[in-house]
Trainee: 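The following block contains the structure, expressed as structure tokens.
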Amino acid sequence: EKDFQVNQTKPEFEGDYTVVMFSLVKSLKLSPDAIGNQLGDHLTKNYPQLFSRYNIIKGFLNLTVSDAYWVDLLNKNHNDTCYGKKEMNGNKVMVEYSSPNTNKPLHLGHLRNNFLGWSVAEILKASGYEVIKSCIVNDRGIHICKSMIAWQLFANGATPESTGVKGDHFVGEYYVKFNDAYKLEVDKLVSEGVDKATAEKEAPIMKATQQMLLDWEAGKPEVMELWKRMNSWVYAGFDITYKRIGSDFDITYYESNTYLLGKDIVKQGLDKKVFYQKEDSSIWIDLTADGLDEKIVQRKDGTSVYITQDIGLALQKYEQYRINQNIYVIGNEQNYHMKVLQLICRKLGIPNADNIHHLSYGMVELTTGKMKSREGTVVDADDLVDEMVATSKQHTEELGKVKDFTEAELEELYDTIGLGAMKFYLLRVDPKKTMVFNPEESIDFHGFTGPFVQYTYARIKSILRKMANTPMTNDPMTNDLLKLEKDLIIAAEQYPAMIGQACNEHNPSVIANYVFHLAKTFNSLYTEHSIANAETEEKKQLRLQLASITANIIKSGMSLLGIKVPERM
RNA sequence: GGUCCGGUAGCUCAGUUGGAUAGAGCAUCAGCCUUCUAAGCUGAGGGUCAUUGGUUCGAAUCCAAUCCGGAUCACCA
């Protein structure tokens with residue numbers, strides 16, 4: 001026996017699985033049809049309980065799996081709410097995601113990052129990994145000082161409390177104010193005859209910001225106090241957003257704590273001759289042999305650069321948790337940086353450097369082009385969530401199916417549907433691809449959407465409630481599955497493999513596509529064939545089991561995407 | 001310019017360890033609610049899989065070249 005190529009049979013041919021004969025022709029020196037006949041005879045004769053019949057068309061052997069096998073599979077799994085999930089395998093993975101800056105609120109791009117990170121963590125858990133979710137907060141640096149300077153200049157002591165503005169948005173406004181004031185100063189200098197590059201350096205507000213950064217690094221008390229105060233406003237805002245969208249972290253790292261990490265490593269790297277020092281005493285690594293460039297790892301003044309703290313943090317993560325795998329959910333604009341990071345870690349001999357994985361995702365663009373904060377075309381995360389929830393409220397009210405819900409139940413339902421639509425919309429696309437955010441399409445609740453899948457679930461639960469008193473026989477066997485029934489069993493059978501694929505590829509869109517396909521398959525059966533009024537008792541039992549396993553998989557699969565499902569909608 | 005990623009229906013996306021007539025959703029058109037939730041179902045139209053060449057029984061998928069789009073190549077983070 002050797003490896004065969006086995007595919008699912010195309011719907012226009014009879015059969016469930018197809019074996020392609022051409023690859024065997026050379027080694028066996030027989031015609032494709034002759035091989036097909038032999039193999040088909042062999043399989044149906046020796047595994048009659050598995051394969052009931054076969055046919056051969058133009059070198060393709062189509063095998064039909066017996067109905068008894070499918071029904072048996074369904075009998076075994078229809079009640080298992082953990083169906084498809086694996087036992088713990090003893091491996092630890094860290095998923096670092098979200099990683100915000102504390103100078104502005106979260107936007108649409110962050111949402112893709114947060115949903116991806118959360119979902120990949122859930123998929124890893126379902127595949128048997130122990131997962132530690134982490135977040136590195138970029139809470140220091142020149143951009144943070146910009147908001148601080150602007151606040152000192154323009155706020156007159158205003159605070160989020162005094163203005164009623166959410167903390168992260170409040171600070172973000174001063175970041176914008178900085179840029180406006182800076183631009184005015186530069187324009188003024190240019191109009192006075194200063195060249196642009198000099199003007200950008202010499203603008204008073206920029207000089208003040210740079211001085212503030214030095215003061216911060218020196219630990220000047222009033223600067224530290226302002227920094228802490230403004231960051232605390234931002235964190236209060238982030239907490240609200242994270243809670244709303246369902247992001248959480250087992251460990252949060254702050255750059256203000258980690259930016260000095262890696263200094264020892266630089267020294268060790270020098271000793272190991274992985275790094276070298278130039279005459280101006282700056283320290284470098286030469287990666288030209290690996291097809292990359294020379295990269296600086298420490299400035300001539302002894303201060304560390306971004307990549308240095310990344311190396312330090314990678315080592316700290318390992319020492320703290322002994323992780324086997326280290327996943328970074330970061331946009332694809334940092335592909336080069338991450339490549340360099342992994343390479344340096346490898347050369348330094350940092351444990352598990354080979355298991356650093358950059359989950360690189362594409363940018364989210366608007367139908368009108370790219371998001372640019374300067375042009376005010378950024379889609380704010382909080383605004384977007386509000387809009388989605390409001391839309392789900394409007395749709396729900398129009399349909400008028402849940403008039404008996406309490407106010408609290410309604411609020412919960414609107415959140416479930418609105419967030420479900422948004423998460424599904426952002427996760428259904430392959431992460432590595434640049435995607436387009438179309439506002440009209442994103443609030444569509446029909447077709448390939450979260451609410452479609454949620455609706456299928458609610459429908460099934462409605463049936464199961466109504467038939468709660470119907471006795472379930474143990475093993476309803478039937479040997480004449482309808483096509484739609486068989487299609488649904490086959491779809492259900494694929495779930496474990498889909499989790500495996502999503503895990504290997506770190507790709508939640510596999511689950512989104514699958515769960516949609518499953519829901520669609522169920523809906524076809526649902527409209528064509530009654531469950532409560534099935535032709536026979538056996539059929540009723542069979543379809544109840546089908547409904548049950550479909551609901552379980554939908555709930556489980558959607559939870560892997562971070563999406564809840566409502567009992568009614 | 002170097003490196004990397006992408007180009008599939010009007011739009012948004014699946015499909016790439018090479019397999020039969022390339023699939024969904026949206027949009028358009030035509031049907032289906034006295035029976036389990038119509039946020040649903042059924043059907044129709046819509047394609048030079050960027051282009052050209054190559055590899056072979058067979059290419060959207062692999063290779064080469066070209067065109068187009070994006071990212072990156074900071075003593076920024």
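Values in this document were obtained by computation on a predicted structure and should not be read as measured data. Lettering follows sequence order; numbering is per chain, from 1.
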Trainee: Select one nucleotide: of B:C36, B:C41, B:U3, the one nearest the side-chain heavy atoms of A:Glu528.
Mentor: B:C41
Trainee: Rounded to whole Å, how long is the line connecting atom NE2 of A:His358 with atom P of B:U72?
Mentor: 12 Å
Trainee: Choose from B:G25, B:A77, B:A38 the nucleotide whose nearest atom is closest to any side-chain atom of A:Phe516.
Mentor: B:G25
Trainee: Does A:Asn438 reach a base, just sugar-phosphate, or nothing at all? Heavy atoms under 4.0 Å.
Mentor: nothing
Trainee: I need the OH-P distance between A:Tyr361 and B:C13, as an integer number of Å.
Mentor: 17 Å
Trainee: Check the phosphate of B:A74 against A:Arg299, side-chain N and O only, distance under 4.0 Å to OP1 or OP2. Yes or no?
Mentor: no
Trainee: A:Phe437 vs A:Tyr425 aromatic rings, parallel, tilted or perpendicular, using cut-offs 30° and 60°?
Mentor: perpendicular
Trainee: Quick one: is B:G40 close enough that its OP1 or OP2 comes under 4.0 Å of any side-chain N or O from A:His446?
Mentor: yes
Trainee: Contact class for A:Thr18 vs. all strands (heavy atom < 4.0 Å): base, sugar-phosphate, or nothing?
Mentor: base
Trainee: Kindly say if A:Ser524 contacts the phosphate of B:U42, meaning a side-chain N or O under 4.0 Å from OP1 or OP2.
Mentor: yes
Trainee: Using 30° and 60° as the class limits, which term best fits the ring planes of A:Tyr495 and A:Tyr514: parallel, tilted or perpendicular?
Mentor: parallel
Trainee: Counting only Watson-Crick or G-U wobble pairs whose two distances fall under 3.5 Å, which nucleotide matches B:C67?
Mentor: B:G7
Trainee: Any N or O donor-acceptor pair under 3.5 Å from the base of B:A20 to the side chain of A:Thr9?
Mentor: no
Trainee: According to a strict under-4.0 Å criterion, is A:Lys433 in side-chain N/O contact with OP1 or OP2 of B:G6?
Mentor: no
Trainee: Fit a plane to each ring of A:Phe448 and A:Phe516, take the angle between them on a 0 to 90° scale, and name the class: parallel (under 30°), tilted (30 to 60°) or perpendicular (over 60°).
Mentor: tilted
Trainee: Assign A:Ile460 to base, sugar-phosphate, or nothing according to its heavy-atom contacts below 4.0 angstrom with the strands shown.
Mentor: nothing
Trainee: Kindly point out which of B:A77, B:G19, B:U37 is positioned nearest to the side chain of A:Phe60?
Mentor: B:G19
Trainee: Can you tell me how far P of B:U61 sits from CG of A:Asp430, to the nearest Å?
Mentor: 18 Å
Trainee: Between B:C36, B:A77, B:U12, which nucleotide has the shortest distance from any of its atoms to the side chain of A:His143?
Mentor: B:A77
Trainee: Would A:Lys520 and A:Tyr455 count as a cation-pi pair here, with the cationic atom under 6.0 angstrom from the ring centre and within 45° of the axis?
Mentor: no
Trainee: Does OP1 or OP2 of B:U37 have a side-chain N or O of A:Lys466 closer than 4.0 Å?
Mentor: yes
Trainee: Does the B:A74 base have a donor-acceptor partner in the side chain of A:Asp293 within less than 3.5 Å?
Mentor: no
Trainee: Over 60° means perpendicular and under 30° means parallel, so tell me whether A:Tyr182 and A:Phe178 are parallel, tilted or perpendicular.
Mentor: parallel
Trainee: Base, sugar-phosphate, or nothing: which does A:Thr456 touch, judged by heavy atoms less than 4.0 Å apart?
Mentor: nothing
Trainee: Is there a Watson-Crick or G-U wobble partner for B:A24 with both distances under 3.5 Å, and if so, which one is it?
Mentor: B:U12
Trainee: Considering just the side-chain nitrogens and oxygens of A:Ser282, establish if one lies under 4.0 Å of OP1 or OP2 belonging to B:C75.
Mentor: no
Trainee: Report which part of the nucleic acid A:Asn103 touches: base, sugar-phosphate, or nothing (heavy-atom distance under 4.0 Å, all strands).
Mentor: nothing
Trainee: Using OP1 and OP2 only, check whether a side-chain N or O of A:Tyr259 sits under 4.0 Å from B:A77.
Mentor: no
